[in-house]
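Taking it in order: structure first as structure tokens, then the write-up.
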There are 2 protein chains.
Amino acid sequence: MAATNEDRAALLGELVTRSIPGWAIAVVRLNSAVAGRLGVTDTDVLCLHVLDRYGPATPGALAKRVNLTTGSASRMIDRLVAAGCVRRVPDPADRRRVLIEPTQEGRDRAATAYAGLVARTHAELAGYTEEELRTLARFMAAAERDTAAEAQHFQSTAPGD
Amino acid sequence: MAATNEDRAALLGELVTRSIPGWAIAVVRLNSAVAGRLGVTDTDVLCLHVLDRYGPATPGALAKRVNLTTGSASRMIDRLVAAGCVRRVPDPADRRRVLIEPTQEGRDRAATAYAGLVARTHAELAGYTEEELRTLARFMAAAERDTAAEAQHFQSTAPGD
DNA sequence: GTCGATCGCTGCGTCGCGCAGCGAAATATC
DNA sequence: GATATTTCGCTGCGCGACGCAGCGATCGAC
């Protein structure tokens, strides 16, 4: 069993210190490249992802999710509106609030930008059994939860500790 | 088998349109939060990741990897040097070149910043069999390769097409 | 009705970034 | 060996994204 434990340690090390950081780097680079292609900022692209993943949100909630002040978020929304990617929808229940939702054009442009990667990913996943897909889903869900929790923790605590 | 195919489609959809984008969003947020904590820019943190993942590099190579011009990369290195995270080492073989490598302090601070997430990840992976770990490693390697290839493709092609 | 809290939006200063150009050094050409 | 070309990293300059502080508008509590 010693060999198996060594194999396991090697697998863990490769995953945690190589593949995952490498993937994270590539993700940031890709987002940046897509932003340049769409003519918007990296932050704007992150905002579009947030809208696509978690649905319409107010500027305040959006500001928290993309790690911005409400003032900067207001400007970001201005840019995205000008780019035709999102739309401001007044909240009938609370006339202070404004809901931000992606336009059809915005969704289409984002889908086009990531179509290549989605296709590559589907091609890769075609070679996996349903059992393996379940394993991937389990880990991805945990990774999303853990990473979001860490980000939340960092943003909520003071820089001093 | 129809039910199985439906299950498989649901798994694929959840993975590609939910978990992976959600994880990517969390990764960007975490990097931004870590940058704020370390008192540097998001780009600077990405640079530190690149150095940790791919080893020391020249400013020019670094600029390509973080999607920056050589001029901006020079300023970025200035900031990281001032923050005590990296060091400029002259290349004895080519006196034009300078190699950028992380300092011990820089490595320690980065390790501290991500210690929480690494611990969470190891705790999660402790519940996986070696077979499952191999599946994860296979997919993450493919994801890193595919995502990097997409980013490369976007950066190398003109914005017009 | 009054007061405090919350929401989104606007001047102002700071700073990261791209662009264009610089000198230094390695390589190619004769 | 001398000259020309290319490559490398570094510096003024303008643009723009961001944080900060403050504003009016609106909601909820009493």
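Each chain gets a letter, A, B and so on, in the order its sequence line appears, and its residues count up from 1. All values derive from a computational prediction rather than experimental measurement. Keep in mind that the numbers below use all heavy atoms, side chains included, and drop hydrogens, waters and symmetry copies.
Here B:R53 pairs with B:E144 in a salt bridge; the nearest charged N to carboxylate O distance falls below 4.0 Å. For B:R8 and A:E130, the salt-bridge test fails: no basic side-chain N is under 4.0 Å from an acidic carboxylate O. Under 4.0 Å is where a charged nitrogen must lie from a carboxylate oxygen, and between A:E101 and A:R88 no such pair does.
Residues passing the side chain to side chain contact (heavy atoms under 4.5 Å, CB included) test with B:L38 are B:V34, B:V40, B:R109, sequence neighbours excluded.
Separating the OG1 atom in B:T58 from the CZ atom in B:R97 is a distance of 5.5 Å, to the nearest 0.5 Å. Distance check: A:R138 CZ to B:L15 CG gives 13.0 Å after rounding to the nearest 0.5 Å.
Contact detail for B:F154 and A:A33: the closest heavy-atom pair is CB-CB, 3.6 Å. Residues A:E105 and A:A83 share a closest heavy-atom pair of OE2-O, 4.3 Å. For B:A57 against B:A61, the heavy-atom pair with the smallest separation is CB-CB, 4.2 Å. Contact detail for A:G84 and A:T103: the closest heavy-atom pair is O-OG1, 2.8 Å. Nearest heavy-atom pair, A:A63 versus A:T69, reported as atom, atom and distance to 0.1 Å: CB-O, 3.9 Å.
Less than 4.0 Å separates DNA chain C from at least one heavy atom of each of the following residues of residues 54-68 of chain B: B:N67, B:L68. Remark: B:D94, B:R95, B:R96 in residues 85-96 of chain B come within less than 4.0 Å of DNA chain C through at least one heavy atom.
In this structure, B:I100 atom CD1 and D:dC8 atom C1' are separated by 12 Å, rounded to whole Å. Look at CG on A:D78: it is 11 Å from P on D:dA17, rounded to the nearest Å.
Contact footprint of chain B on DNA chain C: nucleotides with an atom under 4.0 Å from a non-hydrogen protein atom, first to last in 5' to 3' order, C:dG16 to C:dA26.
A distance-only check finds a donor-acceptor pair linking the side chain of A:T147 to the backbone of A:A143 [under 3.5 Å].
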Side-chain atoms of residues 113-125 of chain A: list all donor-acceptor pairs with protein atoms under 3.5 Å, sequence neighbours left out, distances to 0.1 Å.
| from | atom 1 | to | atom 2 | distance (Å) |
| --- | --- | --- | --- | --- |
| A:Y114 | OH | A:N31 | OD1 | 2.6 |
| A:Y114 | OH | A:H49 | NE2 | 3.3 |
| A:R120 | NE | B:E150 | OE2 | 3.1 |
| A:T121 | OG1 | A:L117 | O | 2.8 |
| A:H122 | ND1 | A:V118 | O | 3.2 |
| A:E124 | OE2 | A:Y128 | OH | 2.7 |

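Phosphate proximity of D:dG19 to A:T69: present, with a side-chain N or O under 4.0 Å from OP1 or OP2.
Place A:R79 and B:G71 on DNA chain D by their nearest nucleotides, and B:G71 ends up nearer the 5' end.
Within 4.0 Å (heavy atoms only), A:T41 reaches sugar-phosphate atoms of the nucleic acid but no base atom.
Comparing the axis of the opening five pairs of the helix from C:dG1-D:dC30 to C:dC30-D:dG1 with that of the closing five pairs yields an angle of 30°, rounded to 10°.
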